[in-house]
Amino acid sequence: MRGILLDVCDEGRNIELFVKTEKGIVKAVDENFFPCFYVLPKEVDREFRILRKLALKEGNREIRPVSVSLEKKFLRGNQVDAIRIAVAKHSDIDPLRHFIRDALHLQSFGYDLPVVRRYFLTHRLLPFCGVCLEGEIKDNELRLTRPPEPFESRMPELSVMSFDIEVYNPAGTPRPDKDPVIMISLADTGGFRKVLTWKSVPGLDYVEEVGGERQMLRRFVEIVQERDPDILVGYNTDLFDFPYLRSRAEHLGVKLKLGRDGSEPTARRRRFASATRVKGRIHCDLYAMVNFLALTGGIRLIHYTLGDVYKYLLGKEKPDIEFTEIVRCWDEGGEALKELAEYCMSDAAAALELSQELLPLFIELARIIGQSLFDVGRMTPGQMVEWLLIREAEARQELVPPRPVAEEQEEREEETYAGAYVMEPEQGLHENLVVFDFRSLYPSIIITHRIDPFNLNCECCRDGATVVPELGYHFCTKREGFIAPVLKRLVEERIKLKRELKKLEKSSEEYKKLYVRQNALKIISNSFYGMLGFSKARWYSKECAESITAFGRHYIQRTIKLAEEDGFKVIYSDTDSLHCKLGAKSKEDALRLIEKVNRILPGCIELELEDFYPRGIYITKKRYALIDEKNRMTVKGLEFVRRDWAAIAKKTQEKVLKAILVEGSPKQALEAVRRTIQDLREYKVPLEDLIIYTQLKMSLEEYKAIGPHVSVAMKLKQRGRPVEPGMMIAYVVAKGPGSISDRAFPADEFKKQRMKYDPEYYIDHQVLPAVMRIMEVLGFREEDLKGGEKQVSLSKFFQ
DNA sequence: GACTAGCGGGG
DNA sequence: GTGTACGCTAGTC
């Protein structure tokens with residue numbers, strides 16, 4: 001049987017595969033997969049004999065290997081004898097390994113690889129690859145008699161469904177034990193659009209009214225089964241929608257049979273949150289993907305809400321609704337509820353559109369890494385490189401070192417080294433900018449200078465090898481190494497793709513496909529350096545990491561010099577980028593500079609045009625904001641206005657950045673701040689803009705420090721209002737004596753009792769901190785912003 | 001100045 | 001990752 005591999009699941013003793021075939025989805029069960037690890041012996045024969053008889057008692061169960069064999073392996077490129085130990089279950093590995101470590105004092109390798117990932121490695125599977133299956137049909141499942149055999153095939157069309165839930169949230173943060181899910185929207189690539197809810201909504205044809213929350217969850221499951229998507233997406237579904245849905249379903253006694261085999265979702269804790277698996281479909285949280293792009297520099301925004309990301313990537317606005325309004329919409333019904341339904345629908349629709357932008361990239365990344373889309377969609381860049389290397393190790397019979405234990409990791413963290421060159425920027429507002437960057441600076445350095453932990457300071461090239469500037473290390477020029485050749489392969493493929501891209505029509509499907517692949521290759525290539533310097537990495541090497549930055553400083557400084565010689569004014573430079581003022585120079589001059597630099601610099605080290613920016617404001621190292629020709633802002637290091645800040649601070653910061661970057665007018669920025677300050681003093685600012693939202697994370701008794709939100713929660717309790725952990729506390733700071741906590745009062749009380757807020761708190765602690773860093777570099781002082789009126793507060797800003 | 005606590009996405 | 005971020009900021013003590 002042949003088909004396309006969709007999903008691989010770990011079912012304890014068995015591996016389950018979901019395969020798309022001509023006859024539909026087939027579930028295959030592999031009962032013959034035995035995870036293994038390797039032991040590095042000191043006395044091969046003796047220890048091999050001991051391990052062959054190895055059996056451990058655990059309670060009344062006996063743990064023994066399924067097989068023990070001798071193999072030739074490699075350790076850092078050198079051939080060694082290794083003892084391979086295969087086990088029936090992954091959970092048998094640890095007790096055996098611990099015994100081997102404690103009783104025989106031998107080192108083990110490759111024992112900390114999760115089963116599904118190991119399965120991909122062992123059988124050389126790729127996500128969505130073609131697979132040949134052989135087995136017997138039993139109970140609607142295919143029992144495999146041989147391991148799946150991969151073959152190359154074109155990417156299949158995958159159906160994608162997005163969903164979004166709305167939740168009743170009278171306490172600010174919804175409580176899954178009390179607050180119902182009130183709406184669920186769905187959208188799929190087949191054009192399906194639906195909002196499920198249990199109150200009537202007039203005049204929307206995509207709304208389906210059901211009898212209640214329980215029926216809604218059942219209908220949701222029914223629709224997912226009917227539409228049967230391959231991929232399920234949403235925004236922040238790992239952290240919110242799925243945990244909430246599962247919790248409600250349990251509460252209401254509804255089985256969320258979303259899996260392709262009718263199974264319920266499972267959550268695996270990973271990093272700080274849970275990732276939800278739906279068997280046979282691939283659940284992708286688009287927020288995780290957006291976070292990844294923010295980390296690798298693909299997107300840089302102030303906020304990463306669905307609306308903001310959608311606007312940035314799709315160039316369109318979507319309706320939005322304040323989270324505090326949801327309760328009102330639901331209670332009021334009618335037009336207000338219609339608005340909520342429209343918003344809910346737009347969230348699922350936007351998530352679906354977003355998935356069409358993001359999934360191709362992550363599918364490409366997953367196929368390069370050789371791990372599942374589910375996993376790769378939640379990896380950090382360093383993890384991606386590591387898993388690529390683990391696959392490479394497997395192919396070369398190289399032993400996979402374990403992730404370092406805590407002490408090892410701490411030791412590594414203490415070894416600091418010199419980083420990249422960062423120039424102190426020419427502070428202030430600049431116009432007509434060009435940014436060049438060496439996107440591939442570090443990869444090029446690794447390849448050009450063969451930087452590789454396996455090749456460090458070899459004996460064979462003591463003389464003659466290139467020495468790392470400042471450090472004096474050298475890298476072997478005779479041996480290939482391990483990491484550098486993998487990177488070289490990626491970079492070379494990317495160069496080939498870029499050459500092909502030039503021949504293609506930009507609007508063609510083929511172009512898009514190749515473009516995405518080269519982008520994926522670029523992202524992974526750029527992450528090798530970070531992996532080498534990451535304390536938790538398996539192939540961590542401080543010497544390699546610091547050699548790369550040393551070469552990097554050397555080349556960027558040389559390029560700055562070349563740009564300046566050509567008459568470009570360099571106003572900022574960080575690691576691999578150069579921000580220059582075009583001045584009297586044209587865009588063509590900028591392109592000519594690139595050519596010139598590229599002719600001079602060695603190897604594959606290549607300068608690229610990042611973009612042209614009509615305006616930019618530079619504050620300090622790593623803190624600046626730019627606006628591109630499409631009026632899209634890039635903000636770096638200034639993104640510190642969060643939900644525990646009043647809206648007035650956010651709004652003023654936005655106004656200031658807009659005035660400066662869009663209008664190019666510091667004066668308008670100044671006026672915006674002055675007006676806000678004046679409005680605050682004249683009590684003209686609406687209360688909504690002054691509310692600070694902070695979540696109560698613990699029960700009141702647990703707090704040692706009584707912050708403003710805790711103090712407000714205590715006041716609420718005194719007044720007989722229910723207070724519980726998880727609640728969102730909305731407060732306003734009043735005028736009067738005492739600490740901020742003393743003067744913080746519940747927002748609704750403020751409204752009812754017509755209390756007076758403290759303008760000076762909002763000026764000094766909210767508005768000014770949000771805008772000062774920017775205004776400062778434009779030459780304004782706090783006094784200028786405060787409009788020359790007599791100073792009421794004793795602010796510490798300019799002492 | 002040390003320490004405590006919350007932010008992010010979602011609703 | 002068979003596991004519990006991370007780096008920053010404000011406010012209290």
Side-chain angles (χ1 to χ4, degrees), chain A residues 10 12 35 89-91 93-94 111-118 164-176 179-183 234-245 267-275 285-291 294-295 302-309 321-327 329-330 340 343-344 347 351 371 375-376 378-380 382-383 386-387 390 402-403 536 538 637 639-645 692-698 702-711 726 728-729 733 739-742 744 761 765-766 769-770:
Chain A
D10 168 18
K89 292 202 309 272
H90 185 272
S91 57
I93 291 181
D94 259 5
Y111 52 80
D112 56 354
L113 310 175
V115 182
V116 170
R117 296 191 187 188
R118 201 190 284 271
D164 177 52
I165 68 172
E166 303 304 326
V167 172
Y168 196 63
N169 58 349
T173 306
R175 303 152 294 183
D179 300 323
V181 176
I182 54 181
M183 265 180 201
Y235 202 77
N236 206 24
T237 37
D238 269 346
L239 275 71
F240 183 71
D241 300 65
F242 263 126
Y244 206 92
L245 274 178
R268 281 223 182 138
R269 290 194 68 84
R270 76 170 56 210
R271 281 204 269 164
F272 59 103
S274 56
D285 183 349
L286 301 172
Y287 176 59
M289 297 183 168
V290 164
N291 249 334
L295 224 67
I302 302 175
H303 298 285
Y304 294 90
T305 64
L306 175 59
D308 289 337
V309 173
I321 215 163
E322 280 282 323
F323 76 93
T324 47
E325 287 292 286
I326 292 167
V327 172
C329 290
W330 182 251
L340 184 64
Y343 161 71
C344 186
D347 266 5
Q371 290 294 336
D375 283 348
V376 172
R378 292 169 175 84
M379 280 181 187
T380 62
Q383 286 171 332
E386 193 162 279
W387 280 96
I390 290 172
R403 297 164 66 209
K536 288 181 189 167
R538 293 170 195 264
E639 323 73 337
F640 70 115
V641 176
R642 317 173 307 186
R643 79 155 177 236
D644 54 349
W645 285 64
I692 296 164
Y693 295 95
T694 312
Q695 200 179 13
L696 194 71
K697 292 277 211 185
M698 308 182 278
E702 289 176 78
Y703 283 93
K704 288 180 191 160
I706 310 303
H709 72 298
V710 183
S711 149
M728 187 69 78
I729 306 292
V733 177
S739 68
I740 293 166
S741 289
D742 294 337
Y761 170 80
H765 293 261
Q766 298 281 324

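Every value quoted in this text rests on a predicted model; they were computed, and no experiment measured them. Throughout, protein chains are lettered first and strands after them, A, B, ... in sequence-line order, and every chain is numbered starting at 1. Because only heavy atoms are used, hydrogens play no part in the values below, and waters and symmetry mates are left out as well, while side chains stay in.
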Peer 1: Any donor-acceptor pair under 3.5 Å joining the side chain of A:Gln695 to the base of B:dG6?
Peer 2: no

Peer 1: Taking any heavy-atom pair under 4.0 Å as a contact, classify A:Asp164: base, sugar-phosphate, or nothing.
Peer 2: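 Sugar-phosphate: the residue A:Asp164, judged by heavy atoms under 4.0 Å, touches backbone atoms but no base.
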
Peer 1: Indicate, with a heavy-atom threshold strictly under 4.0 Å, whether A:Gly172 touches base, sugar-phosphate, or nothing.
Peer 2: base

Peer 1: Can you find a heavy atom in the side chain of A:Ile740 that is under 4.5 Å from one in the side chain of A:His765?
Peer 2: yes

Peer 1: Just checking A:Pro174: base, sugar-phosphate only, or nothing, at a heavy-atom cut-off of under 4.0 Å?
Peer 2: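 Touches a base.
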
Peer 1: Heavy atoms only, 4.0 Å cut-off, all strands: where does A:Ser739 land among base, sugar-phosphate and nothing?
Peer 2: sugar-phosphate

Peer 1: With heavy atoms under 4.0 Å as the rule, sort A:Ile321 into base, sugar-phosphate or nothing.
Peer 2: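 A:Ile321: no heavy atom of the nucleic acid under 4.0 Å.
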
Peer 1: Using a 4.0 Å heavy-atom cut-off, does A:Tyr111 contact any base of the nucleic acid, only the sugar-phosphate backbone, or nothing at all?
Peer 2: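 The answer is nothing, as A:Tyr111 stays clear of every strand by at least 4.0 Å.
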
Peer 1: Looking across every strand, which nucleic acid part, if any, lies under 4.0 Å from A:Tyr235 by heavy atom: base, sugar-phosphate, or nothing?
Peer 2: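 Answer is sugar-phosphate: A:Tyr235 comes under 4.0 Å of backbone atoms only.
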
Peer 1: With sugar-phosphate meaning primed atoms plus P, OP1 and OP2, does A:Asp308 contact a base, only sugar-phosphate, or nothing at under 4.0 Å between heavy atoms?
Peer 2: nothing

Peer 1: For A:Arg118, report the nucleic acid contact type (base, sugar-phosphate, nothing); a contact means any heavy atom under 4.0 Å.
Peer 2: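 Contact class for A:Arg118: none.
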
Peer 1: Rounded to the nearest 0.5 Å, what separation is found between the CG atom of A:Asp241 and the CD1 atom of A:Ile165?
Peer 2: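 Answer for the CG-CD1 pair, A:Asp241 versus A:Ile165, is 4.5 Å.
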
Peer 1: Check the phosphate of C:dT12 against A:Ser741, side-chain N and O only, distance under 4.0 Å to OP1 or OP2. Yes or no?
Peer 2: yes

Peer 1: Are B:dG11 and A:Phe323 stacked, with the base six-membered ring and the side-chain ring centres under 5.5 Å apart and planes under 30°?
Peer 2: yes

Peer 1: Using a heavy-atom cut-off of 4.0 Å across all strands, would you classify A:Phe242 as base, sugar-phosphate, or nothing?
Peer 2: nothing

Peer 1: When the distance from CE of A:Met728 to P of B:dG10 is rounded to whole Å, what number comes out?
Peer 2: 12 Å

Peer 1: Out of B:dG9, C:dG11, B:dG11, which has the shortest distance to the side chain of A:Tyr761?
Peer 2: C:dG11

Peer 1: Determine: side-chain N/O of A:His765 to OP1/OP2 of C:dA10, distance under 4.0 Å, yes or no.
Peer 2: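 No, outside the criterion.
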
Peer 1: Classify A:Lys89 by what it touches in the nucleic acid, base, sugar-phosphate, or nothing, heavy-atom distance under 4.0 Å.
Peer 2: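 Contact class for A:Lys89: none.
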
Peer 1: Which part of the nucleic acid does A:Tyr244 contact within heavy-atom distance under 4.0 Å: base, sugar-phosphate only, or nothing?
Peer 2: nothing

Peer 1: On the side chain of A:Thr173, is there an atom forming a donor-acceptor pair with the base of B:dG11 - under 3.5 Å, no angle test?
Peer 2: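 Such a pair is found, so the answer is yes.
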
Peer 1: Using a cut-off of 4.0 Å on non-hydrogen atoms, how would the nucleic acid contact of A:Ile165 be classed: base, sugar-phosphate, or nothing?
Peer 2: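 The residue A:Ile165 makes sugar-phosphate contact but no base contact.
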
Peer 1: What's the closest nucleotide to the A:Tyr703 side chain, out of B:dG9, C:dG11, B:dA5?
Peer 2: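 Nearest to the side-chain atoms of A:Tyr703, counting from C-beta on, is B:dA5.
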
Peer 1: For atom C1', what is the distance between B:dG8 and C:dA5, given to the nearest Å?
Peer 2: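 11 Å, rounded to whole Å.
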
Peer 1: Answer with yes or no whether the side chains of A:Asp308 and A:Tyr304 bring together a donor and an acceptor at under 3.5 Å.
Peer 2: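 No pair is found: no donor N or O on one side chain lies under 3.5 Å from an acceptor on the other.
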
